[in-house]
Structure formats: C-alpha cells, structure tokens
A.B. asks: 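Please see the structure below; I have some questions.
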Amino acid sequence: MEGLEQKLNTAWAQEQIFHFDDSATRDQVYSIDTPPPTASGSLHVGHMFSYTQTDVVARFKRMRGKKVFYPLGWDDNGLPTERRVQNYYGVRCDPTKPYDPNYAPPEKPAKNQRDWDMISRRNFIELCETLTVEDEKVFEDLFTTLGLSVDWRQTYRTIDDHSRTASQRAFLRDVRSDNAYTAEAPTLWDVTFRTAVAQAELEAKERPGAYYRYPFTDDAGNEVVIATTRPELLPSCVALVAHPEDERYQHMFGHSVTSPLFDVEVPVKAHTLADPEKGSGIAMICTFGDMTDVTWWRELNLPTRALIGREGRFTGDTPEWITTEHGRENYQQLAGKTVHSAKEAVVELLQAADLLRAEPEKITHAVHFYEKGDKPLEVVTSRQWYIRNGGRDADRRDQLVERGRKITWNPGFMRSRYENWVEGLNGDWLISRQRFFGVPIPVWYPLNSSAEPDYDHPILPEEDQLPVDPASEPAPGFAESQRGEPGGFMGEPDVLDTWATSSLTPQIAGKWERDPDLFNRVFPFDLRPQGHDIIRTWLFSSVVRANSLHDTVPWTNTAISGWILDPDRKKMSKSKGNVVIPNEPLEQFGADAVRYWAASAKLGADTAYEISQMKIGRRLAIKLLNVSKFAFGMGVTEEHVVGSGNDGVVITEPLDQALLAKLRSVVQQATDHFENYDYARALNLTESFFWAFTDDYVELVKDRAYGAQGEQAQASVRATLATALDNLLRLFAPVLPFATDEVWRWWRHGSVHGASWPQASDLDGVVGAPAVLDAVAEALTSLRRAKAEAKVKQRTEILSARITGSEHNIDAVRSALEDLRAATKSQVLQLESSGEESPEISVTDVSLAETDQP
RNA sequence: GGAUCUGUAGCUCAGUUGGUUAGAGCGCACGCUUCACACGCGUGAGGUCGAUGGUUCGAGUCCAUUCAGAUCCA
C-alpha cells in the first residue's frame, strides 16, 4: 500500500482525469458546491471525513458518465484569516488609509501591537492572499494524499477580486430589486467586537441570574410588583406588559403607573407574548433588553428610551424623560457605568429605598451571546443593511420553505432543521459588520450642505467598476477631495457579513457573469455537501440568495455530513485536546483505509473516530491486491472478462454461474444505493460479496484454476475470476481509489477512475442461481468445522464424509462436488437428500486421515 | 416549551415495502506459517433488538405510551 498515493496522484494529474469537460451540456454535468475550508484554520480529521464522503459521490458520478464539476475554494474572508495576517506580519488594517501599491510588510512583526503597521484594506487583503497561499498548500497536500478527485484548476478565494466582485454584484442586484435595504433599527450588538450580529450568529448559553421584584405605583398609590432579571434597565422602561387574558392585570390595561427610583410614568399594555407563568406575569418593556422588547416596542408603538451605548455603558447624560430631581439624582449613580456595574447600582438604590419586595430569586436562564463573544449581547439602535430573508414577511418565508422542499435532503430528516430555522426567524438578515477586514459594502452616501449623510439615497457603483472599496475610492461622479465635505460624499465604512459572500459559492465557483457559458452548464448545482451545524447559516443564506438573484434553488441535492467525535463520543475540539492530526492515520493506515472509515458512515450520522475501522479498510485494500495477484497468477487477463458484447457461454460451471449471478444482484443494489447517496450501504454490500468471493469461491476453485479439471472447466473459472475482479475493482473504486487503480493498471489500460460504473445488464449473458454458491459454501464451512473441532490442520485429508440436506441443496453441492473435494482434500463425499424436513446442509460421519503427531 | 435523531453481541455499527433460525467487523476463545495473502487463514462462543402496551397469521421493523442519550429551534 505504501507509496501508492504519491504514484497514482502523479498519474492522475498527468492524465487529467479530474479535469472538468467544459463542453458538456447541463444534463451531462454533475456539479458540486464544495465547502471552502478556512486555510488558515487547523486541519482536523473531520475534514477528511466529510470531504471523503463527497469525493466518493464525485467518483461514482464520474464513472456513471457524468462530467463532474468539482472545484475547491478557500475561505479566507473571516476572523481567523484576519487574525493570522495581523500576527504573522505585524500589521493592522485601517480602512481610511489610502492604498500603497509599493507597500512591503516589516521583516519581523513589531513586538508591541502599538508599533504594528497601519495599512489600507486593499493592502491588507493583498497580504492575506500572499499568506494563505502557504496555508492552502498544506490543505491541498492533505486532500491530494487523501485522493480527493478535485479539479484543482477550478478554485477561488472568498476574499479575492472575483469573489469580492461577485459578492458586491449580488448585493447591488439585491438592493436594486429591493431584496436588500438599509434601516435604522434596534439590532443585537456585541460590545466586545463592537459589531452588529445576525440572528444566525447567536448562541444561547445557560447563565445564572436572578429575578428582582420591585413595585410600580398607580395614582392611588397601589403597587404592582414586576419581576425582572435586568433591573438596570429600569430607567429605559417604556411600559409594563401582561398577557391580555391574565385576570390579575385586567383592571390596569390602559392605565398608567410610575416607575420607582426614576419617577417615569409608563402605560400598562396587553400583549400575547407576555408569559403569565414567568415572574409575576407582568414585565417591564425597556428599550432594549432583548428582541422581545423590540417586538413589543414595534407592535405597541412605544417610544425609544435607549441608554446603553455601543461600548456597553450607560450614557453619561441624564436622559430628558427623567424629570424629577429625585430621579435625576438616582440616574447619576448609573451614568457611564457598564451594564454589570449599573445593575449593582440599581439594586443598591432599590435596597436603600426599601423597594425590593422579595429576596432576589436565583435562576438559570438562557442568555444570548455572539457565538464568538463572551459577553451577553445588548440591543443597540444603529443604521444597518439587511437582506430580506422572510423574517418579517410570511410570504417570503413560505417561499423559502418551499425552496427547501425542492431540494433533496440527504439524509431527509435534516430538512426539519432548515424548516425549524426558517419558521423561527424574527427579522431580516443583518449583513453589515462594523469591522475593517472583509468585502466592503459597495455604497456611498451624498452629504448635504451641513456634511450630513443622506442614507435614503445611497450612491451605487456600476457593476463594471467592481470590486470597489468606498473607503478608499471616491463615489462615482465625485472627486476624492470631496470626501467628508459639505455637498460631497462619504463612503460606507462597513463590510459585509462573511456569510453574505459565502452564500454565493455556487455563483463564485460557477463564474457567474464572468463566464456565462460555464455558469449555465453548472448552475443550479447538483450537490451541496456540508455539515449540519451550518444549515442556518451557509445553507439557508445560499437558498436566500439563489431565490432573490436567480429565482431558483442553488442546488438540487444536499448531503449533510455528521461530526467526528472522539472514541468517548465527545465532540473533538482543540480546547479538549482530543483533536487528531490527519497525517497520523494517513501515514499509519494509508488513504484508502481512512476513506473506508469515512465511507462506512452514513450521511448525517455523527461518527466516532475509530482506528479499528481504518484497520478493516486497510485489510480490505490489501486483500484486494492479493486476490488480484492470485487471479493474474492463474493466467487471468483482460480478454477473459465477460461483459457487454460477450455472452458468457464460456462460463459453464454452475458454481461460477452462481458467483456471477450474485455479483449481478450486488451491482444492481450497489448502484441503486449509490444513486440515493447511500454509499455506505453500497460499500457494505460490495464488501460482503467480496469476502464471500475470496474466502469461499476462490478457495473452492483453486484446484480447478490450476487445470485439475480440464481446459473447459479452467476457462470457466478464468472468465469468472476476470469478470468478478473487473466488477469488484470498479465497485470499490470510489472508496478505495488507490488500491483499485493500482490493480487496474496491472492488467487494463488507463485508470479505473476513467472506466465506467458496472452495469447489472452486462451480466445478463450469465444464467445461474446464487443459492448454489451459498449451499456449497455451507458445505465447505461444515467440513472445515469438522477439522477445526478435531483440532487438525485444514490440510488434513478427509477419507470420507456424509453431506445431507434438501434435494435442492444437495443438487447444488453435487454440481460443484469436484471443487468441494479438492478444496477440502476429501476423498469420498457421500451426498444424501434428507427431504424438506431438515433442508440445511449438514456434515456427518467424517473420517479423517491419520496425521503426524507433533 | 416545539422539533429531530439515536438506543440491536463486551465495543463500533448493518438490518430495504413487516416474512423462516437477527447479521458484519473488532475484541475474545480454540486451532493453523495453507503453493494470493501472518498486513495472513480456519472454527467457535456471545443478543429476551431500551421498556410497556397495541395492530397483525406474523413485529428489531408499524402505532401509542414511556425511559435514556444527543442535536436543532424558541
């Protein structure tokens, strides 16, 4: 096995068998929208697992005659790459800097981050492209060793000029067709990263908290006690809310109450989202504690009283809606404080005023975090760009669910994750990010005579100008000198959410609008393989874009891989220190063995990292080499293969016919399963047949293959061996590309990967009953058992034995009696029908030859 | 709270529209250097299919309830 990977990869590259034939028509093409790995990220056995599963399908489709479009791009438009470039070169991006075409990074990064070079966004992107080339090499080497049949000429980077162009083009088209828009609205905000965050990037984490209970009072001095986990938002309170059917608060709806500490009068409202079971059943609405507050604020037309700023602190100015001296004094205790300190301050004030109506009730509750952040998200009002995704529009939501139903999901149950997600959306897709690295939002705003931007009339570039960077290029029709001047323009400072670009991988890989001829041949793609953790992001956003840009699904099939767990069934992660570096198993067991492990797992099934499974794969591959050697030693050649245009009359022995009849059924079933993306099942069936072939059939026919039963019988076995091998090599080729091609090249022309997938109908010329092989194998096992139980060598001669079974089974054994005698070194085998009472084959009265005692 | 998946041999997993006696590999036990293969070969032991109830001539498979584990959504 050792060395096959390198040798055959060289051959495949020379023979260009993975090159896409761009003259193929759409119906001949099978196109794959492969996940672009983060090259600057770490290699993981999970990569080998899921990419192999895709490759197995790609190789199958190629053998089925499809022209496979199988590109692989690189995702370098994101935080991991940004950080790596910063640290590697000692640079930082400052989008306001002009591009310096002669810029060279420092030889060594400065020790202190304050001394790092500040460079333009374009210079930063150029460094990123330089650096990731090295990282990509590591991945490409791994993927090549693993045998991925990728067409490496079809590649892209998610930050390169073409991807930025595609991303900006798609954005502009969505803006022009009103599928994207800008709005000033409350949005989830991460105070650490200082950026807006989309719903898809949320993660709910269980955190300890407490309910604080304190009263609001009405004109008559009656108290109504509310319970809240966020008392610090009290000065932002705009209303109280209870469920419309809650008996306890009926009399209060429509009336006003006054807040404690700050003396602000707020109305009591009714809304179905108020949960009577939660706390005291009546809640404060504050602008804004969470997205439910936003919903109430919008639907109940409440005023905005926002106090928390983008850095997560309460504003230093005392708000004008707090009018009493007492209230303004109290607010001074919060001014400028972080959310955390403000909470402590409010609780102290409540305590001092004896307003806490109960001991704080400690609870654990779900708190929303940015998936990469470690502080709870706040809700901050800001101007952002959005893409319509059905979150605010039932018709569009239904349309997107319907798109999901046009896609064949593998496995099928993954569709419910998609539908759960779409149905749970509570707003449009926020796509602007307040970061510097990424694809710039290609927009400028005109400034009025006071140099204030007019956000409602953004200036858009023409598509032939793309890619643009509004931070360093002037708006069309303006000079750079007018930037920031009254009557001039300002550039949009934000970049696009990375998913806004990744959602376009089919368009990017298919060279949308760059090569319309190619695009029409590959789009919509046939397959999107990906992990189930990014259904709500990558998968969904791709559906959204294809829907608005092309009025279609982006692909017709999706293959969702499971995750790799460590042998204790824990998720592998760097922090747990249980990550396996892919090179180890590849070196230890070989690529075919690793692929076997991956291809044994069904789509969607989380799978343990199992070395034992790789050992089995290795053993299978080696066995394939050995049994092939045996067949060729028996004089088997290409001419002996029975197939289309060869009627198989040469196969005269019932045992041989039985093997091929079994093979025919395996070919049929494996093909069907493969077509349904159940490659694991196809492999399993093929493997079972293969072991029956080597352990039983080959052992039975050895003597005949040497010519012991004459030329005709020998010709029959040669044809059977050749045909079985020919089919087996092709059936195994997608999973074990190296071993199968190695053998293929010993006796055939070209590569097995350029050969066609076997067809059951090619074996129609052979008539036989599979049961013959089963019966003879059963007799063989029984005779072996007799020797094993007598603890003699398998070579020991059997002087005589009696074999009984049903008429049918005995006939089968009789038809291969000479093979069975030779394989078991039996002199006399008496065959007796026992009738239908005991149809099973059984062996009795075994008389063994004397053996030398040790 | 809503949804989905998984419970089958010591371990990892197959098991198709319900159909004889529930399979494989690993591990284990016993034996064998057998002329393709010790990177090997042969044989064997091992399971009340998570639990309960139902449908059926017949249930690992379908239905209901339930227990356990995992994931997604809110």
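Proteins come first, then strands; the chains are lettered A, B, ... in the order of their sequence lines, and each starts at number 1.
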A.B. asks: Test of understanding: with salt bridge (charged side-chain N to carboxylate O under 4.0 Å, His left out), list the residues that count as partners of A/Arg230, not counting sequence neighbours.
C.D. replies: A/Glu232, A/Glu378
A.B. asks: For A/Glu201 and A/Lys372: C-alpha separation, side-chain torsions, deciding distance, then whether salt bridge (Lys or Arg N to Asp or Glu O under 4.0 Å) applies.
C.D. replies: CA-CA 8 Å; A/Glu201 295 164 295; A/Lys372 298 187 179 82; 5.4 Å; no
A.B. asks: The criterion is salt bridge (charged side-chain N to carboxylate O under 4.0 Å, His left out); which residues satisfy it with A/Arg802, sequence neighbours excluded?
C.D. replies: A/Glu832, A/Asp845
A.B. asks: Suppose you measure atom C1' in B/G42 against the same atom in B/U17; what distance do you get, rounded to whole Å?
C.D. replies: 38 Å
A.B. asks: State plainly whether the residues A/Asp696 and A/Arg784 are in salt-bridge range, i.e. N to O under 4.0 Å.
C.D. replies: yes
A.B. asks: Can you tell which of B/U43, B/A36, B/A14 lies closest to the side chain of A/Arg785?
C.D. replies: B/U43
A.B. asks: For nucleotides B/G18 and B/A24, find the distance between their C1' atoms and express it as a whole number of Å.
C.D. replies: 23 Å
A.B. asks: Strictly under 4.0 angstrom, non-hydrogen atoms only: write out the protein contact profile of nucleotides 26-32 of chain B, one letter per nucleotide from the 5' end, B, S or -.
C.D. replies: S---S-S
A.B. asks: Is there a side-chain contact between A/Tyr697 and the phosphate of B/A36, meaning an N or O under 4.0 Å from OP1 or OP2?
C.D. replies: no
A.B. asks: In whole Å, what separates the C1' atom of B/G7 from that of B/C32?
C.D. replies: 40 Å
A.B. asks: I want to confirm an ordering. Mapping A/Asn626 and A/Ser688 to their closest nucleotides on RNA chain B, which one lands closer to the 5' end?
C.D. replies: A/Ser688
A.B. asks: Atom CH2 of A/Trp409 to atom C1' of B/C72: distance rounded to whole Å?
C.D. replies: 12 Å
A.B. asks: Can a side chain N or O of A/Arg784 be found less than 4.0 Å away from OP1 or OP2 on B/U43?
C.D. replies: yes
A.B. asks: Identify, residue by residue, the members of residues 717-731 of chain A with a heavy atom below 4.0 Å from RNA chain B, and return them in order of residue number, or none.
C.D. replies: none
A.B. asks: I'd like to check the salt bridge (charged side-chain N to carboxylate O under 4.0 Å, His left out) partners of A/Asp290; sequence neighbours left out, ordered by chain and number.
C.D. replies: none
A.B. asks: Check the phosphate of B/U34 against A/Lys702, side-chain N and O only, distance under 4.0 Å to OP1 or OP2. Yes or no?
C.D. replies: no
A.B. asks: Expressed in whole Å, how much space separates the P atoms belonging to B/C35 and B/C11?
C.D. replies: 38 Å
A.B. asks: Does OP1 or OP2 of B/U43 have a side-chain N or O of A/Thr781 closer than 4.0 Å?
C.D. replies: yes
A.B. asks: Applying side chain to side chain donor-acceptor pair (under 3.5 Å), which residue pairs with at least one partner in residues 273-283 of chain A are found, sequence neighbours left out?
C.D. replies: none
A.B. asks: For nucleotides B/G58 and B/G2, find the distance between their C1' atoms and express it as a whole number of Å.
C.D. replies: 37 Å
A.B. asks: Can you name the residues that form a side chain to side chain donor-acceptor pair (under 3.5 Å) with A/His271, not counting sequence neighbours?
C.D. replies: A/Trp296, A/Glu299
A.B. asks: May I ask you to decide whether A/Arg745 forms a salt bridge with A/Glu742, counting only side-chain N to carboxylate O separations under 4.0 Å?
C.D. replies: no
A.B. asks: Can you tell me which residue pairs pass the salt bridge (Lys or Arg N to Asp or Glu O under 4.0 Å) test with a partner in residues 614-627 of chain A, sequence neighbours excluded?
C.D. replies: A/Glu2-A/Arg618
A.B. asks: If you measure from the P atom in B/G27 to the same atom in B/G40, how many Å do you get, rounded?
C.D. replies: 10 Å
A.B. asks: Round to a whole Å and report the spacing from OH of A/Tyr418 to C1' of B/G2.
C.D. replies: 19 Å
A.B. asks: Using side-chain contact (heavy atoms from CB on, under 4.5 Å), reason through A/Tyr697 and A/Asp656 one step at a time and then give a plain yes or no.
C.D. replies: CA-CA 8 Å; A/Tyr697 177 79; A/Asp656 300 346; 2.8 Å; yes
A.B. asks: For a quick check under 3.5 Å, do A/Ser542 and A/Ser503 share a side-chain donor-acceptor pair by atom type?
C.D. replies: no
A.B. asks: Is there a side-chain polar atom (N or O) of A/Gln613 under 4.0 Å from OP1 or OP2 of B/C11?
C.D. replies: no
A.B. asks: So for A/Asp695 and B/G42, does any side-chain atom that can act as donor or acceptor lie under 3.5 Å from a complementary atom in the base?
C.D. replies: no
A.B. asks: For B/U61 versus B/U48, give the span between their P atoms, rounded off to a whole number of Å.
C.D. replies: 16 Å
A.B. asks: Using the salt bridge (Lys or Arg N to Asp or Glu O under 4.0 Å) rule, collect all pairs that involve residues 683-694 of chain A, keeping only residues at least two apart or in two chains.
C.D. replies: none
A.B. asks: Go ahead and write out RNA chain B as dot-bracket, 5' to 3': ( ) for pairs within the strand, [ ] for ones crossing earlier pairs, | when the partner sits on another strand, dots for unpaired; Watson-Crick or G-U wobble, both distances under 3.5 Å.
C.D. replies: (((((((..((((.....[...)))).(((((.......))))).....(((((..]....)))))))))))).
A.B. asks: Do A/Gln53 and A/Tyr679 have side-chain atoms, one donor and one acceptor, less than 3.5 Å apart?
C.D. replies: yes
A.B. asks: Grab the N/O contacts between the protein and nucleotides 15-19 of chain B below 3.5 Å, and write none if there aren't any.
C.D. replies:
unit_1: B/U16; atom_1: N3; unit_2: A/Arg681; atom_2: NH2; d: 3.0

A.B. asks: When rounded to the nearest Å, what value does the distance between C1' atoms of B/A22 and B/G46 take?
C.D. replies: 13 Å
A.B. asks: Does any donor-acceptor pair link the side chain of A/Glu699 with the base of B/A36 at a separation under 3.5 Å?
C.D. replies: yes
A.B. asks: Assess, by modelled atom type and distance only, whether the side chains of A/Glu797 and A/Gln827 contain a donor and an acceptor separated by less than 3.5 Å.
C.D. replies: yes
A.B. asks: Table please: side-chain donor-acceptor pairs of residues 717-729 of chain A below 3.5 Å, with sequence neighbours left out.
C.D. replies:
unit_1: A/Arg718; atom_1: NE; unit_2: A/Met634; atom_2: O; d: 2.9
unit_1: A/Arg718; atom_1: NH2; unit_2: A/Met634; atom_2: O; d: 3.4
unit_1: A/Thr720; atom_1: OG1; unit_2: A/Ser716; atom_2: O; d: 2.7
unit_1: A/Thr723; atom_1: OG1; unit_2: A/Val642; atom_2: N; d: 2.8
unit_1: A/Thr723; atom_1: OG1; unit_2: A/Ala719; atom_2: O; d: 2.6
unit_1: A/Asp726; atom_1: OD1; unit_2: A/Arg748; atom_2: NH1; d: 2.7
unit_1: A/Asp726; atom_1: OD1; unit_2: A/Arg748; atom_2: NH2; d: 3.2
unit_1: A/Asp726; atom_1: OD2; unit_2: A/Arg730; atom_2: NE; d: 3.4
unit_1: A/Asp726; atom_1: OD2; unit_2: A/Arg730; atom_2: NH2; d: 2.6
unit_1: A/Asn727; atom_1: ND2; unit_2: A/Thr723; atom_2: O; d: 2.9

